[in-house]
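Reminder, nothing fancy here: chain letters follow the sequence lines and each chain counts from 1.
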Protein chains: 2
Amino acid sequence: MDRILAVALQLLDEHGAEALTMRRLAEALSSGTATLYRHFASREDLVAQVVDQVFAEMRDEPSGELLGGGELRWQNACRDMAHHMFVVLGRHPGAARLLIDVPPTGPNAMNQRERSLAILLASGFEPRMAARTYATLARYVLGFAMQLTSAPGEEQHLFAGLDAARFPATHALASALPVSLEEEFFFGLELMLKGLGALRARPGPSPPDDPSPL
Amino acid sequence: MDRILAVALQLLDEHGAEALTMRRLAEALSSGTATLYRHFASREDLVAQVVDQVFAEMRDEPSGELLGGGELRWQNACRDMAHHMFVVLGRHPGAARLLIDVPPTGPNAMNQRERSLAILLASGFEPRMAARTYATLARYVLGFAMQLTSAPGEEQHLFAGLDAARFPATHALASALPVSLEEEFFFGLELMLKGLGALRARPGPSPPDDPSPL
DNA sequence: ACCTGAACACCGTTCAAGT
DNA sequence: ACCTGAACACCGTTCAAGT
């Protein structure tokens, strides 16, 4: 039932990931937990569908030219894709946290992957390179999004009053720490896009289909 | 108590993250749950200390020259750091999953950061660049490590029997999907290292201290 | 002073009993 | 045929009662 998923997502957005229990959801629906099991096989099934509901939001607003336009088309495509995924997941940090329990394999996630892969292929990526690039960028976004938290971490003071003798390097960089999750995300993404550019310009010593000799 | 943490880590390694409950841990210690609360303020406290125990393993074996040696020193340092973190966390996938509940702020995590930051500074990184690079690489490793799972995902068949009409791009790349988590990790890491190289060679249109105009 | 059985308030899931 | 109260087997946490 769509209403159940809508209420579940609302519960998640308003009270966080730990609030999404079968009992609280049933109560929010003025029902009993047993009734939920007539619509979902298990809590994991429910969670998977809530997650896929969020992936459905990625269909809208491909977000266009958010950043400077002096770059190659494929680079903008990759950036837009990753940005958009991150922004949508960021609207539902509670749901993003649930990704650790259920990998996104629902229909909306499948559609999102299809659209992304099609864009990469159309942008001139060779097949194996397209698959690897999408997989890596998507996993990158998911890994960061999962770490989104409603409470804004208080690590500020963790570095402020640090023993300069025991932690000289950390102490020296205290004013630059902590780096916000968003800043880390955008910085790392730009690095990967730059790296992809270098790969496409000249495959270099690490061939595209075996970048890691490990 | 060190014995408690050792048994907790063993429980985690042998039976996964969901097996680390206060009751099962107490039972493995031939004790009661109430006794655990004389050593730990809460389950979260226990989990944080187990996680920090894993970070303690990062002290050993800096892993040296794992990869090709034709590159710059700072690049090898960054790669070794990320590889080593990933390998150690990969030895305890159950513990890595717990990172979603507790950010690594224990003493061993502090030491690991101090060592890493010192290496970056010694490798010629400017202060803010060092802070940002470490934060991003560490978060990158954590995001991937959290997604490590004991069970080897069975998404293979997800792409095998896919409707070619509805998912043409995905279908075309079915033989290259799914990409393993490890492959994604190493590929993305190399991209970031390449990107960092480009940044250091010429700061370019995105200055080092503001890579994202968002 | 130290320990712990038993309780409390939760949780996911199931099923017999109701309509 | 559909629904659900109540139970079962868990969970984190606390505390009175024991030693």
Mind checking what makes ring pair (Phe, Tyr, Trp, His ring centres under 6.0 Å) contact with A:Tyr37, not counting sequence neighbours? none
Measure from CG on A:Leu36 to C1' on D:dC3 and round the result to the nearest Å. 12 Å
Between side-chain atoms of residues 17-31 of chain B and protein atoms elsewhere (two or more places apart, or another chain), which donor-acceptor pairs fall under 3.5 Å?
residue: B:Thr21; atom: OG1; partner: B:Arg24; partner atom: N; Å: 3.0
residue: B:Ser31; atom: OG; partner: B:Thr35; partner atom: OG1; Å: 3.3

Expressed as a whole number of Å, how far does the P atom of D:dA7 sit from that of C:dC8? 16 Å
For B:Leu20 and D:dC10, give me the distance from atom CG to atom P, rounded to whole Å. 17 Å
Rounding to a whole Å, what distance do you find between B:Glu27:CD and D:dG12:P? 13 Å
Residues 161-173 of chain B, side-chain donor-acceptor partners within the protein, below 3.5 Å, at least two apart:
residue: B:Asp163; atom: OD1; partner: B:Ala165; partner atom: N; Å: 2.9
residue: B:Thr170; atom: OG1; partner: A:Glu114; partner atom: OE1; Å: 2.6
residue: B:His171; atom: ND1; partner: B:Leu162; partner atom: O; Å: 3.3

At under 4.0 Å between heavy atoms, how does the protein contact nucleotides 13-19 of chain D? Give one character per nucleotide, 5' to 3', with B, S or -. BBB----
Nearest whole angstrom, please: distance from the C1' of C:dC11 to the CG of A:Leu25. 14 Å
Suppose we screen for side chain to side chain contact (heavy atoms under 4.5 Å, CB included). Which residues come up paired with B:Arg139, at least two apart in sequence or across chains? A:Phe144, A:Gln147, A:Leu181, A:Glu184
Which residue pairs pass the salt bridge (Lys or Arg N to Asp or Glu O under 4.0 Å) test when at least one of the two sits in residues 1-10 of chain B, sequence neighbours left out? none
Secondary-structure notation, DNA chain D, from Watson-Crick and G-U pairs under 3.5 angstrom (| other strand): ||.|||||...|||||.||
Please identify each residue that fulfils side chain to side chain contact (heavy atoms under 4.5 Å, CB included) with B:Asp45, with sequence neighbours left out. B:Phe40, B:Ala41, B:Ser42, B:Gln49
Whether B:Tyr140 and A:Tyr140 hold their rings parallel, tilted or perpendicular, with breakpoints at 30° and 60°: tilted
Please state whether the phosphate of C:dC11, meaning OP1 or OP2, lies under 4.0 angstrom from any side-chain nitrogen or oxygen of A:Thr21. yes
Salt bridge (charged side-chain N to carboxylate O under 4.0 Å, His left out) involving B:Asp101 - partner list, sequence neighbours excluded: A:Arg97
Starting at atom CG of B:Leu29, determine the distance to atom C1' of C:dC3, rounded to an integer number of angstrom. 15 Å
